[in-house]
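Notes follow once the structure below has been shown.
As the structure lists them, so they are numbered: ligands from 1, and atoms in each ligand from 1. Throughout, numbering of the chain's residues begins at 1 and tracks the sequence.
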Amino acid sequence: MKLFTNKELLNLAKKGGYAVGAFNINNLEILQAIVSAAESEKSPAIIAVSEGAIQYAGLAHIVSMAEIAAQMASIPLSLHLDHGKDLNIIQSCLENGFTSVMIDGSHLPFDENIAITKKVVEMARKKGVSVEGELGRLKGIEEKVSVSDQEAYLTDPQAAGQFVKKTEVDALAIAIGTSHGAYKFKGEVRLDFERLKEIAGTVEIPLVLHGASGVPQPILEKAERFGAKLPGAKGIPDEAIQRAISLGICKINIDTDLRLSFVSALREVLTTKPEEFDPRKILGPGREAMKQTVQSKMRLFGSSGKAI
Ligand code: G3H
Ligand code: 13P
Ligand code: ZN
């Protein structure tokens, strides 16, 4: 198959009431885990690549691997730049086969975010590539932060409406209390579903949830059993993800859960088989663990069986 755009995948998800997972890759094993999971689940998948991943693996390697994976796949995949901030990198992605780019101007004042996002939309349209913008900041909702301080960084529904109208992005990442990484909440889980409802009522394009990893307890326990130190790690419960999808989230970003799955399997091999030094025997179980995690996400997101 060709690489699909996020617009194609997400518009179908919006109509179908499910979400497509965007899974971050840095190397061959992660890509293979995602594609193999998608094949097993008959699910679409978004291959997400950060600027850091491009720096680590090289743009040419990333694009070649993703294009070959798509050609061989019987399920739809897209190749998406995650958290693009550098216009030069965005332009390189557009010229080298990415089918979707994110411009993350969420750290900028509203008008500047609009201006840079509009510019990327203009650049991307020439190539038929989809664009994801972001409004609001992913800082979690802390107990001790005042409501007015939270208002300052969670996505404002009216502003979201204006942002989408002015920029003409194809998808919008919003802040409702999630955050990146393995430490999302110090105390209880707090997500602003009322805000999500209001945004979904104002904005017609597919909505995106970043920082959505679940930090599953069994994976955490396994990693810790084999020496990882991750005290206080906590993610988004599955029920919250289902609720977010029911309220209009169509794309869900997962990186941390892949990292945890990989490292727990890797630690187990290195601890239980100290005589092993064949990289395939060490990385293989990590790839399998990530595949299992991606499959469970696809079932949770409702994208299993939705491959077009
Ligand atoms: O949201 C960011 C993703 O988890 C990618 O992280 O910038 O360390 O590659 P990274
Ligand atoms: P997690 O850190 O929760 O996996 O979020 C990943 C993400 O949002 C990538 O853009
Ligand atoms: Zn993100």
Is Glu51 salt-bridged to Lys85, cutoff N-O under 4.0 Å?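 Salt bridge flag = no for Lys85 with Glu51.
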Output yes when the distance from some N or O of ligand 1 to some N or O of Asn24 is under 3.5 Å, and no in every other case.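 In fact, backbone or side chain, Asn24 has no N or O that close.
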Between the side chain of Ser106 and the main-chain N/O of Leu135, is any donor-acceptor distance below 3.5 Å?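 No; zero donor-acceptor contacts below 3.5 Å.
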Under 3.5 Å, is there a donor-acceptor pair between the side chain of Ser130 and the main chain of Lys7?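 Yes, the answer is positive, given that a donor and an acceptor are paired below the 3.5 Å cut-off.
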Atom of Gly177, atom of Leu154 and distance for their closest heavy-atom approach: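 Smallest interatomic distance, heavy atoms only, reads N-CD2, 3.6 Å.
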Can you confirm if the NZ or CZ of Arg190 lies within 45° of the ring axis of Phe185 and under 6.0 Å from the centre of its six-membered ring?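 Judged by the rule, Arg190 and Phe185 form no cation-pi pair.
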Answer yes or no on whether Lys186 is positioned over the face of Tyr183, meaning its NZ or CZ is under 6.0 Å from the six-membered ring centre and within 45° of the axis.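 Negative - Lys186 is either too far from the ring of Tyr183 or too far off its axis.
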Looking only at protein heavy atoms, which one is nearest to atom 4 (O) of ligand 1, and how far off is it?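 Sorting protein heavy atoms by distance from atom 4 (O) of ligand 1 puts Asp255 OD2, 2.7 Å first.
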Among all protein heavy atoms in this structure, tell me which lies nearest to atom 6 (O) of ligand 1, with the distance rounded to 0.1 Å.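 Looking at atom 6 (O) of ligand 1, the protein heavy atom closest to it is Arg259 NH2, 3.2 Å.
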If we only consider heavy atoms of Ser50, is any one of them less than 4.0 Å away from an atom in ligand 1?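 The answer is yes, since Ser50 has a heavy atom less than 4.0 Å from ligand 1.
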Could you tell me if any non-hydrogen atom of Gln55 lies under 4.0 Å from any atom of ligand 1?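 No.
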Which label fits Phe23 and Phe301: parallel for a plane angle under 30°, tilted from 30 to 60°, or perpendicular past 60°?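 Taking Phe301 first and then Phe23, their aromatic rings lie parallel (interplane angle under 30°).
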Atoms of ligand 1, numbered as shown, that sit under 4.0 Å from any heavy atom of His180: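 Counting from 1, the qualifying ligand atoms are 1 (O).
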Run the numbers for me: atoms of ligand 1, each under 4.0 Å from some heavy atom of His83, listed by number.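 Per the distance check, 1 (O), 2 (C).
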Heavy-atom side-chain contact between [X] and [Y] under 4.5 Å:
X	Y	result
Leu94	Val101	yes
Lys184	Ile236	yes
Ile252	Ile245	yes

I need the protein N, O or S atoms closer than 2.8 Å to the Zn ion (ligand 3), given as residue plus atom name.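 Under 2.8 Å from the Zn ion (ligand 3) - ignoring waters, which are not counted - the protein N, O or S atoms are His83 NE2, His180 NE2, His210 ND1.
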Just checking His83 against His107, ring centres under 6.0 Å apart?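 Ring centroids of His83 and His107 are no less than 6.0 Å from each other.
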My understanding is that only residues two or more places apart in sequence, or in another chain, count here; which of them pass side-chain hydrogen bond (donor to acceptor under 3.5 Å, both in side chains) with Lys222?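 Partners of Lys222 by the side-chain hydrogen bond (donor to acceptor under 3.5 Å, both in side chains) criterion, ordered by chain and then number, come out as Glu268.
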Residues in side-chain hydrogen bond (donor to acceptor under 3.5 Å, both in side chains) contact with Ser43, at least two apart in sequence or another chain: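 Ser303.
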Heavy-atom contacts with ligand 2 below 4.0 Å: which residues, ordered by chain and residue number?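 Under the 4.0 Å cut-off, ligand 2 touches Asn24, Asp82, His83, His180, Gly181, Lys184, His210, Gly211, Ala212, Ser213, Asn253, Ile254, Asp255, Thr256.
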